[in-house]
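Because only heavy atoms are used, hydrogens play no part in the values below, and waters and symmetry mates are left out as well, while side chains stay in. All of these numbers come straight from a predicted model, not from anything done at the bench.
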Amino acid sequence: MSSVLEIKDLHVSVETEQGAKQILKGVDLTIAQGETHAIMGPNGSGKSTLAYAIAGHPRYEVTGGSILLDGEEVLEMGVDERAQAGLFLAMQYPVEIPGVTNANFLRTAKTAIDGEAPAIRTWMKDVKEAMGNLRMDESFASRNVNEGFSGGEKKRNEILQLELLKPKFAVLDETDSGLDVDALKIVSEGVNRAKEQTGLGVLLITHYTRILRYIKPDFVHVFVNGRVAEEGGRELADRLEEEGYDRFLETA
């Protein structure tokens, strides 16, 4: 039986210097394993807020609604529990972790999620294979997490984690930002590989349609002013590329 991630009437606010500001104003979204949903919209529409609310970022306060993973309330879980349950967030701006090597980070994360440490020989084979697929030199395993990495290298490192940790659902927050064409293809291939191997469900947040040439969406959702303004298939993304978001902003 495939897993389902359900977002129901989600309201989220964030604290600003002027006080609490409501960002999400009633979002409904259902994603089944094996599906790819693209979230598109102008800056400030709430796309990244949705990603962080799912992941459990403490700055984002859920003021209404629910997030269910196979019927279990995600909002009652800690960040680590969400990861153990099968949720993964690839951040728009991956953080650097000085003093922690990629190899130690990955194995520690895998152990925490699975409840037991992976066998060394099998694990190292999997790591090397995944790094090779992502065109990452093996020296990256001994480097500190994202420290001194270029933007493209950080994004590949996020997909490396995705492939090795094997979540049920991945939220990709503008993973395509800052990537050249070659890096975009490599990152997209990694996402597609994970989906093919594990039945991964993907929530892909992006401004642009270029990544959708490589990661084919089953559904496209347009976010405007904290709500889903329109839904459709790939053809909706093509229309957005031609027309932009003006017609939504005029009525928001």
Side-chain angles (χ1 to χ4, degrees), residues 1-16 19-39 41 45-95 97 105-118 145 158 161-175 191 194-195 198-205 219 221 223 225-228 231:
M1 182 176 177
S2 64
S3 292
V4 178
L5 180 65
E6 299 174 274
I7 299 164
K8 297 184 176 182
D9 195 27
L10 190 67
H11 293 71
V12 177
S13 65
V14 64
E15 196 65 33
T16 69
K21 179 181 179 181
Q22 189 175 22
I23 306 295
L24 298 187
K25 304 171 183 178
V27 173
D28 293 288
L29 196 62
T30 300
I31 308 166
Q33 263 191 298
E35 293 180 349
T36 297
H37 292 245
I39 302 288
S45 58
K47 303 185 302 299
S48 291
T49 296
L50 175 64
Y52 289 127
I54 293 172
H57 194 298
R59 185 175 174 227
Y60 296 84
E61 181 184 0
V62 176
T63 56
S66 64
I67 302 174
L68 302 174
L69 177 57
D70 297 333
E72 297 291 323
E73 181 55 77
V74 170
L75 298 177
E76 296 177 358
M77 302 177 186
V79 174
D80 57 332
E81 294 172 317
R82 298 182 195 206
Q84 289 171 336
L87 297 178
F88 177 90
L89 171 65
M91 293 183 285
Q92 182 178 358
Y93 304 107
V95 297
I97 309 178
F105 173 79
L106 288 166
R107 192 161 192 266
T108 300
K110 185 66 172 176
T111 300
I113 288 172
D114 290 354
E116 60 180 1
V145 179
E158 294 281 279
Q161 296 165 34
L162 170 65
E163 291 204 62
L164 292 170
L165 299 180
K166 302 185 187 306
K168 295 177 181 177
F169 294 95
V171 181
L172 309 180
D173 187 15
E174 298 196 32
T175 298
V191 175
K195 183 177 178 180
T198 67
L200 177 73
V202 178
L203 185 62
L204 175 62
I205 296 170
F219 305 94
H221 312 267
F223 259 46
N225 195 28
R227 295 185 176 91
V228 177
E231 298 175 303

**Message:** Between K47 and D173, does any NZ, NE, NH1 or NH2 come within less than 4.0 Å of an OD or OE carboxylate oxygen?
**Reply:**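 Salt bridge between D173 and K47, a charged N being under 4.0 Å from a carboxylate O: no.
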
**Item:** More than 12 heavy atoms from other groups under 6.0 Å of CD on E81
**Value:**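 Yes - once you tally the heavy atoms of other residues, nucleotides and ligands closer than 6.0 Å, there are more than 12.
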
Is it the case that the side chain of [X] and the backbone of [Y] share a donor-acceptor pair, with hydrogens and angles ignored and the cut-off at 3.5 Å?
| X | Y | value |
| --- | --- | --- |
| Q92 | T175 | no |
| E158 | M91 | yes |
| E73 | L75 | yes |
| E35 | A32 | yes |
| D9 | G26 | no |

**Message:** Does V14 form a side chain to side chain contact (heavy atoms under 4.5 Å, CB included) with T49? I'd like the steps, not just the answer.
**Reply:** CA-CA 9 Å; V14 64; T49 296; over 6 Å; no

A side-chain contact here means heavy atoms from C-beta on lying under 4.5 Å apart; do [X] and [Y] qualify?
| X | Y | value |
| --- | --- | --- |
| S13 | K21 | no |
| L165 | F88 | yes |
| E61 | V12 | no |
| L204 | H37 | no |
| V191 | L162 | yes |
| L87 | P167 | no |
| V62 | L10 | yes |
| F223 | L50 | yes |

**Request:** Apply the side chain to side chain contact (heavy atoms under 4.5 Å, CB included) test between F169 and each candidate in L200, I54, L69, L203; give the one that qualifies.
**Result:**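 For F169, the side chain to side chain contact (heavy atoms under 4.5 Å, CB included) test succeeds with only one of L200, I54, L69, L203, which is L69.
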
**Message:** Please give me the minimum heavy-atom distance between K168 and S3, naming the atom from each residue.
**Reply:**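 That would be CD-OG, 3.4 Å.
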
**Asked** S2 and D70: which non-hydrogen atoms are nearest, and at how many Å?
**Response**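 Shortest heavy-atom contact: O-OD1, 4.4 Å.
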
**Asked** Could you walk me through whether K8 and L68 pass the side chain to side chain contact (heavy atoms under 4.5 Å, CB included) check?
**Response** CA-CA 8 Å; K8 297 184 176 182; L68 302 174; 3.9 Å; yes

**Asked** Taking it one step at a time, do E6 and I67 satisfy side chain to side chain contact (heavy atoms under 4.5 Å, CB included)?
**Response** CA-CA 6 Å; E6 299 174 274; I67 302 174; over 6 Å; no

To the nearest 0.5 angstrom, please state how far the [atom1] atom of [X] sits from the [atom2] atom of [Y].
| X | Y | atom1 | atom2 | value |
| --- | --- | --- | --- | --- |
| K25 | H11 | NZ | NE2 | 9.5 Å |
| D28 | H221 | CG | NE2 | 11.0 Å |
| R82 | M77 | CZ | CE | 8.0 Å |
| K110 | L106 | NZ | CG | 10.5 Å |
| I205 | L172 | CD1 | CG | 8.0 Å |
| L24 | Y60 | CG | OH | 10.0 Å |

Of all residues at least two apart in sequence or in a different chain, which pass the side chain to side chain contact (heavy atoms under 4.5 Å, CB included) check with [X]?
| X | answer |
| --- | --- |
| E15 | A20 |
| A117 | R107, T111 |
| E116 | none |

**Prompt:** Aromatic rings H57 and Y52: how do their planes relate, parallel, tilted or perpendicular, breaks at 30° and 60°?
**Reply:**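 Judged by the thresholds at 30° and 60°, the geometry between H57 and Y52 is perpendicular.
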
**Worked check of side chain to side chain contact (heavy atoms under 4.5 Å, CB included) between F219 and E231** = CA-CA 7 Å; F219 305 94; E231 298 175 303; over 6 Å; no

**Message:** Hydrogens and angles aside, do K195 and T36 bring a side-chain donor and acceptor to less than 3.5 Å of each other?
**Reply:**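 Result is yes, a qualifying pair exists.
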
